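Note sheet for the following structure.
What you are looking at is a predicted structure, and each value in this text was computed from that prediction instead of being measured. Chain letters run A, B, ... following the sequence lines, proteins first and then strands; every chain starts at 1.
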Amino acid sequence: MHTRPEDIVITSDNSSRLCARTIKADFPVLSQDINGHKLVYLDNAASSQKPQSVIDELSRFYSEDNANIHRGLHTLAERSTNAYESTRKRVAKFIGCQNPDEVILNSGTTAGINLIAYSWGEEHINEGDEIVITEMEHHANLIPWVILAKRKKAVLKRIPITSDGRLNLDDIENIITDRTKILALSHMSNVLGTINPVTEIAEIAHKHGAIVVADGAQAVPHMPVDVSTLGVDFYTFSAHKMLGPTGVGVLWGKKELLDKMQPFMTGGEMIREVHFDKVTWAEIPHRFEPGTPNIAGVVGFAAAIDYLENIGMDKIRQHEIEITRYALEKLSKIDKLDIQGPTEPDIRGAAISFTDHNVHPHDISTFLDSKGIAIRAGHHCAQPLLRILGKVATARASFYIYNDEADVDALVQAIIEMKKYFGV
Amino acid sequence: MHTRPEDIVITSDNSSRLCARTIKADFPVLSQDINGHKLVYLDNAASSQKPQSVIDELSRFYSEDNANIHRGLHTLAERSTNAYESTRKRVAKFIGCQNPDEVILNSGTTAGINLIAYSWGEEHINEGDEIVITEMEHHANLIPWVILAKRKKAVLKRIPITSDGRLNLDDIENIITDRTKILALSHMSNVLGTINPVTEIAEIAHKHGAIVVADGAQAVPHMPVDVSTLGVDFYTFSAHKMLGPTGVGVLWGKKELLDKMQPFMTGGEMIREVHFDKVTWAEIPHRFEPGTPNIAGVVGFAAAIDYLENIGMDKIRQHEIEITRYALEKLSKIDKLDIQGPTEPDIRGAAISFTDHNVHPHDISTFLDSKGIAIRAGHHCAQPLLRILGKVATARASFYIYNDEADVDALVQAIIEMKKYFGV
Amino acid sequence: MLLDDMYRDVILDHYRYPRGRKPIEKKDFSSIGHNPACGDDITIQIALENGNISEIFADCKGCAISTASGSIMAEYIKGKAVDEVKHIAQNVRQMLKGEPCELPDDMGDIDALEGVKNFPVRIKCALLAWITLIEGIGNYESGHADEIVVVSTEQGED
Amino acid sequence: MLLDDMYRDVILDHYRYPRGRKPIEKKDFSSIGHNPACGDDITIQIALENGNISEIFADCKGCAISTASGSIMAEYIKGKAVDEVKHIAQNVRQMLKGEPCELPDDMGDIDALEGVKNFPVRIKCALLAWITLIEGIGNYESGHADEIVVVSTEQGED
Ligand SMILES: Cc1ncc(COP(=O)(O)O)c(C=O)c1O
Ligand SMILES: Cc1ncc(COP(=O)(O)O)c(C=O)c1O
């Protein structure tokens, strides 16, 4: 195991702080130069980097245990199955879920939301029903509902945002009604950084008999999440944004709901008995895991969770609050730069979208890249939100455990140089 | 790159033969002892092992290039995107497809077949239409059609098998009719080893205006496949069965058909323009690749294809014909052992199912495992086929490039000991 | 791996010469168990006399472990009171699943099943007979003796 | 990476002081281009005199590259024959996509766009103006001059 406890040291001045520099050393990708500058990776909301321990676990698995899972009676198949199933338990514990059967392992957040929209939606949504989303949704938690609403002639309603990028709940009692069947909202916005008051809104939705789907793609990597108290019915996230391998995701759902749902995709490993004219399904979670899954990816995901838990999700959240505070303070001092989202770090994460009055986000990104700084520019898979913000694109810097104040300083310095470069 | 050309040597006596022993050395998992015996891995039809070059490529990618793909303007995003898209071209070339846009990268065969069943099936199948499958299908190429037929009140018809496990085409003109909309069949059976005359049957189906979906999960890893001459409309396979990472698959489809199909799963990266009330889709292949894909897995898959092509698919096929011939000959000499599938190696692959008159497949598997031999026992996700064969389970030994006659000998020897052990 | 630890002589003996295979004339209840993952099947028929199991037919089609488990069960429960048998069956189930359990000192050949615990993928095989028995007794007690119970080791026993 | 190779002085000059921004009185045809991936938009309006482009309005909302590309185009094509312009635009497209092309000796500022080729993700930006022009001319030639053409660099230009 690469992550020794002593790797995660605490700085002398403040015991709640991470030492990002020591953590950085665990991520081989971060030690390289890009365009002659040490890489400053600030594209974490798109995907995180991987510690050596995760990379090593993938190699180890393929070199020692690899085999297809379930139904196999030989040693490798048993080892693979155990490693796969123990990740399920690991994930359950990580998100405060008591029953690992409620954890469906899949290929990502997108797969999880589509599963709910097809399986639960197909059965329960009828003409005239209402589906409530928010204006700040990622396409993954938006298009499946747009499509479902269209297919079922249901009504798509949305919770608007305030000018500082929070949900505007003033009119919530008119938005969520007895006709509401689903409320789908992101726990943390990938554009605005906003952490939404999921529990509070879920309570209103439940009062009206709706189910609540939360998109945790941006939340789980960055803050403690406990589904046993969050108050939602379904929760989805992706491993690749939280130090884990690509192609792995989680859909958590309440057993009472999952038990009654028809499978979405069908194939091997998810059945009880198959005839040409009749098929009976396996119990959850297997019913929702057809075919050969991303076995190695799932096994590597456990190493990612180990790494995060070794640091502690509370500490990670605290670290990101500090770095967000610092970044917001520094960025807001730059002339003609607009920052999106809440200004108070304690109600937001470390994804910071900004625009320059003159330089286009794509030019910002290209320029920063020439200084070794990786940020993202574009619509961040949230076109409707950007339209509401009046932007066609923003630049976004998003921070994680291995980023520190020095990275913010590098960003700010480069933005200042950029303004000079384009001279507009 | 771990696979040097000289690794793939040819034996002195026969230039068309592989040297399985030299190849074995490239697969770290195979160098271990299981229960005190050198591992003999004969569960390749379930999943193959990975050469060091694939494992190294995964590590390299995560250590040097990792970032989310598309829309990213920074160096790592560009490298990732290029690596991902160049695998698409690599795959296209590998299966003889001229236009890489016809190659959809997904999570596996199961995902590919479900996509066709949902997207093409939903739009084109109506009450009374006929869907034709065969009696030897894997659940992945069976249940999606059972479900589709049920949902649409369509009729599921099947091509029967002969007693030696080939398709019985005697009645084919009555099975495939003008009402047939889809013919779905496996290119190679995972239970019987049978290579089906896909081109011949596809021609009949096309004559009646049906589309043809071939399940290539067992074929692509083991023989040259050229979709430009095969005569099918859709073709699916999985990377994990052909030396590649888990969680990666391919759906190839004809552009004319894909262009007209609605997306199946929706989310980021597959859209052109998104509004709350209207979404327009990206061109193929992106339309069918929502969300963050298994980027590293896809990149590693290219290294697997390199490895296979370095050997040559013709040679691999030749090798497996030889080993199948040898195995069938040796196994058929064992008393009270029944072997399924065709007896001529040139119309079958190297997956050999067998049953002992007295010892149950599960006991066979457990016993063989105690001798370090990994085979699979069970229904192999083909319950209807097993019912037709009159079995509840079979034992299955399946061979690949790193297996040789010595592995067959070990298997045969262990089966003989097994019979003594159980003494029935 | 100690193969002999699972396939103990007692197990192999029950597998080769399964007990309880003689059809019985009259039955008071029966049940059928099925393990879809393996394809194993068991049919149990039981005749009672004064609350004791007087005759048992246990026909198991499956691997050595499930066959032996059914045979051991048939041999062990014959002559015992239904209540006692129910209690024992429940505890065998717990034993196989590695849960706390109390088993009688005189376990007959049941303790030979303990080696299966080291082969997690085979525990289901050993469980089938006992779960089918538990379901059968349960149904008998609730007055559905002539209904055929189909139990599945996949259901909640995974 | 040579940033200056893409953002050449000529490019930055066109970006800062884009040409062709003066609205024109009468137009013979127009077209609108849109790049959904970036959000870039361009509106082109063209007036003709004797088969020559007499006036052009090219309003590009986008990054430095797409803005400069539109400005370079506006400057270059003014006064040229429609036929010639069509031919040049097609060749600029090919040049940007790294395909064989023939461009006139006197390219004006067009050759400053060549540096974009080293930044594959930005090629789309440079393409937008030229594709929109090609579409506009095509529509004019086929008699649909007053229809607004919406082209997208995603469509087949990816
Ligand atoms: C013939 C056949 N089809 C489909 C599949 C399903 O492939 P996957 O599990 O990779 O989706 C398999 C392998 O399990 C197979 O052998
Ligand atoms: C808020 C949010 N939801 C959903 C997704 C989609 O996740 P994935 O692409 O891993 O399926 C993302 C990330 O892109 C996201 O930021």
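- Of the atoms belonging to Leu30(B), not a single heavy atom falls under 4.5 Å from chain A.
- Closest heavy-atom contact between Cys381(A) and Glu269(B): SG-OE2, 3.7 Å.
- In this structure, chain A has heavy atoms under 4.5 Å from both the backbone and the side chain of Glu273(B).
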> Can you check side chain to side chain contact (heavy atoms under 4.5 Å, CB included) on Ser59(B) and Leu58(A), steps first, answer last?
Replying inline: CA-CA 8 Å; Ser59(B) 297; Leu58(A) 287 169; over 6 Å; no
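- For a residue to count as touching a neighbouring chain, one of its non-hydrogen atoms must lie under 4.5 Å from one of that chain's; by this rule Leu42(B) does not touch chain A.
- Using a 4.5 Å cut-off between heavy atoms, Pro144(A) contacts chain B through both its backbone and its side chain.
- Heavy atoms closer than 4.5 Å to chain A are found in both the backbone and the side chain of Pro384(B).
- In this structure, chain B has a heavy atom under 4.5 Å from the backbone of Ser48(A), while its side chain stays farther away.
- By the 30° and 60° cut-offs, the orientation of the rings of Phe264(B) relative to Phe264(A) is tilted.
- Note that the CG atom of Asn68(A) and the OG atom of Ser47(B) stand 5.0 Å from one another [nearest 0.5 Å].
- When each of Glu135(B), His138(B), Gln32(B), Arg387(B) is scored by its heavy-atom pairs under 4.5 Å with chain A, the top score falls to Arg387(B).
- Only the side chain of Asp43(B) comes within contact range of chain A, judged by heavy atoms closer than 4.5 Å.
- For chain B, no part of Glu137(A) is nearby; none of its heavy atoms comes within less than 4.5 Å.
- At a 4.5 Å heavy-atom cutoff, Ile364(A) makes no contact with chain B through either its backbone or its side chain.
- Taking chain A as the reference chain and counting heavy-atom pairs below 4.5 Å, the highest number among Ile295(B), Val29(B), Thr110(B) is found for Val29(B).
- Val54(B) places none of its side-chain heavy atoms less than 4.5 Å from the side chain of Tyr62(A).
- Proximity to chain A is absent for every atom of Thr109(B), based on heavy atoms less than 4.5 angstrom apart.
- For a residue to count as touching a neighbouring chain, one of its non-hydrogen atoms must lie under 4.5 Å from one of that chain's; by this rule Gln49(B) touches chain A with backbone and side chain alike.
- Residues of residues 241-248 of chain A lying under 4.5 angstrom from chain B, judged on non-hydrogen atoms, are Pro245(A), Thr246(A), Gly247(A) by number.
- Listed options Leu76(B), Ile113(B), Leu115(B) were ranked by heavy-atom pairs under 4.5 angstrom with chain A; first place goes to Leu76(B).
- Both the backbone and the side chain of Val274(B) come within contact range of chain A, judged by heavy atoms closer than 4.5 Å.
- For a residue to count as touching a neighbouring chain, one of its non-hydrogen atoms must lie under 4.5 Å from one of that chain's; by this rule Arg60(B) does not touch chain A.
- For Asn141(B), no part lies under 4.5 angstrom from a heavy atom of chain A.
- Ranked by heavy-atom pairs shorter than 4.5 Å toward chain A, the options Asn66(B), Leu156(B), Leu142(B) are led by Asn66(B).
- For Ile375(B), the part lying under 4.5 angstrom from a heavy atom of chain A is the backbone only.
- Within the 4.5 Å cutoff, the side chain of Ser238(A) has no heavy atoms near those of the Thr292(B) side chain.
- The distance from atom CZ of Phe276(B) to atom CD1 of Ile143(A), rounded to the nearest 0.5 Å, is 11.5 Å.
- To the nearest 0.5 Å, the span separating CG on Asn106(B) from OG on Ser107(A) amounts to 9.0 Å.
- For His275(A), the parts sitting under 4.5 Å from any heavy atom of chain B are the backbone and the side chain alike.
- Contact annotation: the side chain of Leu368(B) never approaches that of His74(A) to less than 4.5 Å [non-hydrogen atoms, C-beta and beyond].
- With values rounded to the nearest 0.5 angstrom, Lys150(A) atom NZ is found 6.5 Å from Asp277(B) atom CG.
- Counting heavy atoms from C-beta on, the side chains of Gln383(B) and Ile271(A) come closer than 4.5 Å.
- In this structure, Thr75(A) OG1 and Ile34(B) CD1 are separated by 5.0 Å, a value rounded to the nearest 0.5 Å.
- The structure places NE2 of His240(B) at 10.0 Å from CG of Asn294(A), a figure rounded to the nearest 0.5 Å.
- Of all the listed residues (Tyr41(A), Tyr118(A), Phe27(A)), the one sharing the greatest number of non-hydrogen pairs under 4.5 Å with chain B is Tyr118(A).
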